[in-house]
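Residues take their numbers from the sequence shown, with the count starting at 1. Start at 1 and go down the list; that is how both ligands and their atoms are numbered.
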Amino acid sequence: MKEWLEKINNANSLEVLENLRVETLGKKGVITAEFAKMKSIPSEEKKAFAENLNKMKSEVTTAIEDKKVVLEKEALEKKLIEDKIDVTRFNNTPSGAAFHPVAFTMDRIINYFQNLNFAVEEGPLVEDDFHNFEALNLPKYHPARDMQDTFYNKDYTLLRTHTSPVQIRTMLSQKTPIRMIAPGTVFRRDYDLTHTPMFHQIEALVVDEADKISFANLKHVLVEFLHHMFGDVDVRFRPSFFPFTEPSAEVDISCVFCKGDGCRVCSQTGWLEVLGCGVVDENVFKAVGYEGKSGYAFGLGVERFAMLIHNIGDLRSLFESDLRLLGQFK
Ligand code: DAH
């Protein structure tokens, strides 16, 4: 028995120890075989034989259990050393940074219009009623104010609901000719698959002397722009209403997913609405003290463009900072 105890004691791995357990206590193990001999032992010797055998069995069992604890501890310590993370190690293959799809789309659009000599203008995010509504031909209690769910502050300022107020600020501070875009953040009380309370728009305004600017100019600029952004798509102008333009239109492109056949994204219509536009309303010119001018304007949602270009299904995913989404834009 001594030699078994020695073997157990010298076992250098859990595997060796397990083999020893099988060889001693297993079904065909040496100790198990001894128990089988009980039948043939004369009854007067049985008691002593059994006592001796049980003692052997418990000694071997204890030895194996004790050794197991030691070997398991050793294995754990070895694993901890092997798995240790060296936080001082320098990473020679850093993962490249990437632009957020909204920033990337915004830059593309700004670049396009800068190349056409449009100036980039800015305005405050906290606006007042005059710039955000009144001067844009949206008087108080006008039903068209309901088109935009506004965040109001206690002091009657508000978070701008669109980038159109930058039109007003630019006309109030500059002389014609004006050719500007206003990219920026806007806010509305809205939250679902296609709306977030914060999003981005790009506004455009072109103003010059009366009769110099027409709907035809607007149409040409927009068709060229949409081809630049979406490739070979059909573009259509659909009569619509905006308080600050007359006439007004909404602009659709043929669906970039089904090429106009009709699918889930375009609600089977074959068309996707991408922006609003029109000829500047006379009342807007009056509000900023312009006389004898003509102009056009348009406004678009940057997230909408980014979603259509990159085939992103849920607008909200753009603002969750999930690296699994962002990693796809490297
Ligand atoms: N401000 C409008 C909106 O937020 C977008 C817009 C439509 C701007 C037509 C314009 C325009 O300048 O002419 O929904």
Side-chain angles (χ1 to χ4, degrees), residues 106 109-110 113 118-125 127 129-139 142-151 158-172 178-190 194-208 213-223 225-226 235-253 272-285 287-288 290 293-305 315:
M106 192 117 150
I109 298 172
I110 293 171
F113 284 105
F118 280 65
V120 178
E121 302 290 349
E122 280 180 77
L125 305 187
E127 264 296 2
D129 193 87
F130 174 75
H131 293 89
N132 197 81
F133 291 127
E134 200 87 35
L136 287 162
N137 198 26
L138 268 150
H142 192 288
R145 284 203 181 190
D146 291 348
M147 287 162 83
Q148 307 179 354
D149 293 309
T150 313
F151 285 110
L158 50 88
L159 299 183
R160 68 177 182 192
T161 55
H162 49 180
T163 41
S164 304
V166 186
Q167 283 189 22
I168 303 301
R169 290 185 177 275
T170 306
M171 285 190 281
L172 283 173
I178 285 172
R179 190 190 277 133
M180 58 141 260
I181 54 167
T185 314
V186 299
F187 307 87
R188 289 187 200 177
R189 298 169 44 155
D190 233 340
T194 49
H195 298 89
T196 47
M198 184 279 307
F199 61 105
H200 301 85
Q201 287 189 335
I202 294 181
E203 184 82 12
L205 175 72
V206 174
V207 185
D208 209 329
I213 309 288
S214 73
F215 200 95
N217 302 135
L218 168 66
K219 202 173 167 189
H220 173 75
V221 167
L222 283 180
V223 170
F225 165 61
L226 292 172
V235 178
R236 81 174 178 188
F237 287 69
R238 195 165 28 80
S240 184
F241 170 79
F242 296 103
F244 24 91
T245 43
E246 180 59 38
S248 304
E250 277 173 316
V251 182
D252 300 339
I253 55 170
L272 299 164
E273 184 197 320
V274 289
L275 54 83
C277 66
V279 171
V280 179
D281 193 292
E282 209 40 52
N283 283 339
V284 174
F285 285 147
V288 297
Y290 271 17
K293 308 290 179 192
S294 63
Y296 67 74
F298 61 87
L300 62 88
V302 182
E303 282 77 5
R304 173 120 177 107
F305 273 58
L315 170 62

Only heavy atoms of Ser164, strictly under 4.0 Å: list the atoms of ligand 1 that pass.
1 (N), 8 (C)
With a 4.0 Å cut-off, would you call Lys293 and Asp208 a salt bridge?
no
Could you list the atoms of ligand 1 found under 4.0 angstrom from a heavy atom of Cys277?
9 (C), 11 (C), 13 (O)
State whether the side chain of Glu303 and the backbone N or O of His200 hold a donor-acceptor pair below 3.5 Å, judged by distance alone.
yes
Show the atoms of ligand 1 that are less than 4.0 angstrom away from any heavy atom in Gln201.
3 (C), 4 (O)
Starting from atom 5 (C) of ligand 1, locate the nearest protein heavy atom and write down its residue, its atom name and how far away it is, to 0.1 Å.
Gly299 CA, 4.1 Å
Would you mind listing which atoms of ligand 1 come within a distance below 4.0 Å of any non-hydrogen atom of Gly278?
13 (O)
Is it the case that atom NE2 in His142 sees more than 12 heavy atoms from other parts of the structure closer than 6.0 Å?
yes
What atoms in ligand 1 come closer than 4.0 Å to a heavy atom of Gln167?
12 (O)
I'd like to know if the side chain of Asn132 reaches the main chain of Thr161, judged simply by a donor and an acceptor atom lying under 3.5 Å from each other, with no hydrogens or angles considered.
yes
Salt bridge Asp149-Arg188, side-chain N to carboxylate O under 4.0 Å:
no
Looking only at protein heavy atoms, which one is nearest to atom 14 (O) of ligand 1, and what is the separation?
Arg188 NH2, 3.7 Å
Under 4.0 angstrom from ligand 1, any heavy atom of Glu246?
no
Tell me which protein heavy atom sits closest to atom 2 (C) of ligand 1, plus the residue, atom name and distance to 0.1 Å.
Phe244 CZ, 3.8 Å
Heavy-atom contacts with Phe242 under 4.0 Å: which atoms of ligand 1 show up? List them by number with element.
7 (C), 9 (C)
More than 12 heavy atoms of other residues, nucleotides or ligands under 6.0 Å from CZ of Arg189: yes or no?
no
Flag for His162-Glu203: side-chain donor and acceptor within less than 3.5 Å:
no
Heavy-atom contacts with Ala297 under 4.0 Å: which atoms of ligand 1 show up? List them by number with element.
12 (O), 13 (O)
Under 3.5 Å, N or O to N or O, is Glu203 touching ligand 1 that way?
yes
Return a yes/no value for Ala204: is any of its N or O atoms, backbone included, closer than 3.5 angstrom to an N or O of ligand 1?
no
Would you call Glu127 and Arg169 a salt bridge, using N to O less than 4.0 angstrom?
yes
Look at the aromatic rings of Phe113 and Phe298 and report parallel, tilted or perpendicular, splitting at 30° and 60°.
tilted
